[in-house]
There are 4 protein chains.
Amino acid sequence: MPLPRTGPVRSEAARAAILAATAELFAERGYEHLTIEGVAQRAGVGKQTIYRWWRSKGALVAECLMEGRLFGDRLAVPDTGDVRADLEAWLRTVLTLVDAERGLVLSLLGAAAEHAEVAERLDASLTFSASIADRLEAGTGTTANLRPGVAARLADALIGAVVLRALSRQPSADDDAAAMLDALLGPATR
Amino acid sequence: MPLPRTGPVRSEAARAAILAATAELFAERGYEHLTIEGVAQRAGVGKQTIYRWWRSKGALVAECLMEGRLFGDRLAVPDTGDVRADLEAWLRTVLTLVDAERGLVLSLLGAAAEHAEVAERLDASLTFSASIADRLEAGTGTTANLRPGVAARLADALIGAVVLRALSRQPSADDDAAAMLDALLGPATR
Amino acid sequence: MPLPRTGPVRSEAARAAILAATAELFAERGYEHLTIEGVAQRAGVGKQTIYRWWRSKGALVAECLMEGRLFGDRLAVPDTGDVRADLEAWLRTVLTLVDAERGLVLSLLGAAAEHAEVAERLDASLTFSASIADRLEAGTGTTANLRPGVAARLADALIGAVVLRALSRQPSADDDAAAMLDALLGPATR
Amino acid sequence: MPLPRTGPVRSEAARAAILAATAELFAERGYEHLTIEGVAQRAGVGKQTIYRWWRSKGALVAECLMEGRLFGDRLAVPDTGDVRADLEAWLRTVLTLVDAERGLVLSLLGAAAEHAEVAERLDASLTFSASIADRLEAGTGTTANLRPGVAARLADALIGAVVLRALSRQPSADDDAAAMLDALLGPATR
DNA sequence: AGGTAATCGAGACGGTACGTCGCGTCTTTGA
DNA sequence: TCAAAGACGCGACGTACCGTCTCGATTACCT
């Protein structure tokens with residue numbers, strides 16, 4: 001299905017097709033086996049059109065990530081008012097995701113290791129847009145170890161633990177989310 | 001009772017040369033740009049000799065890691081009796097290492113994302129052989145958040161935070177090690 | 001089916017197995033795709049045992065040829081007393097053989113082009129052992145062009161024409177044998 | 001009506017360089033030791049560019065042959081009006097060539113045995129473009145055995161005899177050309 | 001009878017070349 | 001002017017065989 005030739009303005013259709021193809025192929029084959037040529041073919045686009053607008057396959061993946069084409073909003077933190085419960089729900093979701101789509105997640109970690117751009121976007125997806133640190137901040141004082149000034153570091157540790165879990169390829173048990181939060185945050189103070 | 005396989009035996013010289021070449025090239029160029037062909041050439045060995053004994057470049061790197069050819073004992077945890085001080089010293093060393101050899105570390109993370117073998121060995125290098133969890137266990141009760149049963153999860157979180165730091169490409173400040181420990185372990189109880 | 005170890009005398013069983021395997025594989029795959037390793041495996045023999053006794057795969061094939069393992073006695077010239085009829089019968093047989101086993105014949109020509117040894121043996125199979133020249137000699141005077149002293153050259157031309165036919169991959173018609181003889185030897189004089 | 005294929009067009013420079021390199025290397029090392037890799041290197045060309053346009057090294061050699069890059073016009077039959085003399089001159093030239101460049105000739109025979117394409121081109125070079133049969137046809141009646149309808153078969157026999165001579169690796173004597181013609185064509189009739 | 005030496009199967013070794021894939025650049029043609 | 005198509009030089013892939021070289025086991029001969 002050839003795209004219509006659009007003349008001297010950047011073709012939005014081409015851009016969309018490229019990102020869609022990238023997301024599909026990433027999900028199918030993983031970052032390692034994602035190829036520019038494959039994307040071009042799947043998108044019905046010339047290779048040059050990709051190289052014209054993106055510097056590397058890392059940049060391509062980063063843009064997919066930024067547009068939510070890889071995870072959608074599956075990483076959003078719920079907001080019910082109860083910080084601890086919200087975090088636990090989120091963590092449970094994330095651990096499930098890591099188990100279910102380990103290949104995709106590992107691929108993404110590989111991409112992040114290779115390309116700063118991906119890492120940046122991944123970080124944004126997890127930390128900022130998901131607001132872990134903000135929520136922890138908001139919960140200061142509600143659990144023993146959630147003291148002023150440590151929220152950001154605890155957020156890093158939490159996400160880091162998830163990353164490590166992904167790397168280790170070990171499936172998560174049902175109560176892992178709760179146990180991780182317990183270990184990091186300590187018992188509830190009220 | 002060993003199998004009565006006849007014929008020539010595996011050449012230890014070749015094995016050593018291959019692992020040495022792998023370690024060198026990994027340090028020089030990183031995992032991504034490490035090639036089997038390059039290793040074979042540097043080691044003065046036929047490619048087939050590599051493929052005969054290792055399934056992938058990941059396996060090669062994993063074996064290097066296991067033999068300490070990539071980091072040596074730079075990841076060992078000191079043991080002075082003071083758990084908190086030991087961990088802080090170790091963490092400081094590791095953060096410095098991550099800053100100084102970010103490329104190597106990121107490469108290794110990429111390798112771990114791609115090959116379970118590498119991840120396993122990396123995990124072994126960091127967690128078990130470096131005994132973070134054991135030391136935390138030993139320190140139970142000496143700091144506020146170091147309660148019974150949480151040592152393993154705190155160790156994961158700690159190492160995870162380091163991994164995340166590596167991925168984020170942000171250099172560490174001087175007091176980061178102390179701050180991370182403080183955030184995770186809480187204030188000293190005695 | 002491992003062969004018995006025979007000690008410090010050449011194993012006749014190994015020799016036979018090697019030649020048999022060579023003939024089989026030659027027939028199956030042709031000279032070009034015949035490999036020493038394949039022969040060794042099929043024969044259940046170590047490669048060294050082949051290299052010990054033959055210098056090249058050409059030598060191997062030459063020996064097969066010499067032992068009649070490739071064509072048997074399909075190249076023998078019948079002897080009924082009527083030289084012209086005998087030659088025609090032989091030629092017909094050979095042309096049929098060339099058509100039916102073109103691959104084998106071409107392979108053999110390739111081998112002869114590469115290895116003098118094969119060429120020599122092939123020549124022996126065709127010319128001497130098949131005695132074309134002798135028979136022509138015997139027929140001197142019975143046909144117009146069969147004059148004294150030209151038998152050897154006519155034999156060469158005859159066989160050469162067959163070789164050319166094989167190389168050209170063109171199937172022979174039924175009367176080709178007769179026509180070739182007619183062209184070369186001229187009409188019968190009595 | 002040519003297919004409306006868009007995109008870049010075949011590089012004539014690459015084609016020429018590849019054929020030139022093939023001819024050089026064929027002459028230097030022979031068909032057997034001619035490698036695609038070597039041709040690519042010598043021609044300053046990627047291997048893929050060769051594989052894109054030729055199916056095998058046989059096809060490569062065939063095309064060289066067709067373009068006269070291997071023998072040039074050394075195989076042309078002179079035309080002085082005297083058929084017998086022309087053929088003898090040509091035959092003498094060819095036998096000399098076979099002696100002087102036996103390796104090349106044998107290589108070519110090997111190639112012809114392996115690849116129909118080469119054989120076809122070789123046949124074209126020798127028989128049609130060199131017009132042996134035509135000349136024989138023209139000489140019908142001038143020698144005893146040159147009767148109507150046998151020219152083509154005599155041409156085959158003549159060339160076949162040369163091929164056999166090449167395969168046998170025996171050098172030609174000075175009067176071989178004359179003797180071969182005498183044997184095949186019979187004495188002159190006028 | 002014991003030691004020596006050659007042969008055997010097996011197969012690891014350093015190499016060369018294979019034919020394929022994908023890279024990133026460049027060129028052509030059509031809209 | 002931009003886009004599709006895709007040829008190009010290049011580098012690496014993983015495989016097939018090459019011919020050489022151990023291995024340990026197995027005999028025949030020769031002290």
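In the text below, chain A, chain B and the rest are named by the order of the sequence lines, each starting its count at 1.
Ion pairing between a basic and an acidic side chain is recognised when a charged N comes within 4.0 Å of a carboxylate O; A/Arg55 and A/Glu117 show such pairing.
Atom CD of A/Gln48 is separated from atom C1' of E/dT28 by 13 Å (rounded to the nearest Å). If you measure from atom CD of B/Gln41 to atom C1' of E/dC13, you get 17 Å, rounded to the nearest angstrom. Counting to the nearest Å, the P atom of E/dC21 and the NZ atom of A/Lys57 are 16 Å from each other. Note: CZ (A/Arg42) to P (F/dA5) measures 15 Å, nearest angstrom. Protein atom CD1 of A/Ile50 is 14 Å distant from nucleotide atom C1' of E/dT25, rounded to whole Å. Regarding C/Lys47, its NZ atom lies at a distance of 9 Å from the C1' atom of F/dT20, rounded to whole Å. Per the geometry, CZ belonging to B/Arg55 stands 18 Å off C1' belonging to F/dC13, to the nearest Å.
Note on A/Arg52: every side-chain N or O is 4.0 Å or more away from OP1 and OP2 of F/dC2. OP1 or OP2 of F/dG9 lies within a sub-4.0 Å distance of a side-chain N or O belonging to D/Thr49. For the OP1/OP2 pair of E/dC13 and a distance below 4.0 Å, the side-chain nitrogens and oxygens of B/Trp53 include at least one atom meeting the criterion.
In this structure, D/Arg10 satisfies the cation-pi test against D/Trp53, with its NZ or CZ atom closer than 6.0 Å to the six-membered ring centre and inside 45 degrees of the ring normal.
C/Tyr31 and C/His115 have perpendicular rings, their planes meeting at more than 60° on a 0 to 90° scale where under 30° would count as parallel.
If you check E/dT27, F/dA28, E/dT25 against the side chain of D/Pro8, the one that comes closest is E/dT27.
Interatomic distance, OG1 of B/Thr35 versus NZ of B/Lys57, reported as 7.5 Å (0.5 Å rounding).
Contacts between residues 20-40 of chain B and DNA chain E, counted as heavy-atom distances below 4.0 Å, involve no residue at all.
Between C/Leu108 and C/Phe71 the shortest side-chain heavy-atom distance falls below 4.5 Å.
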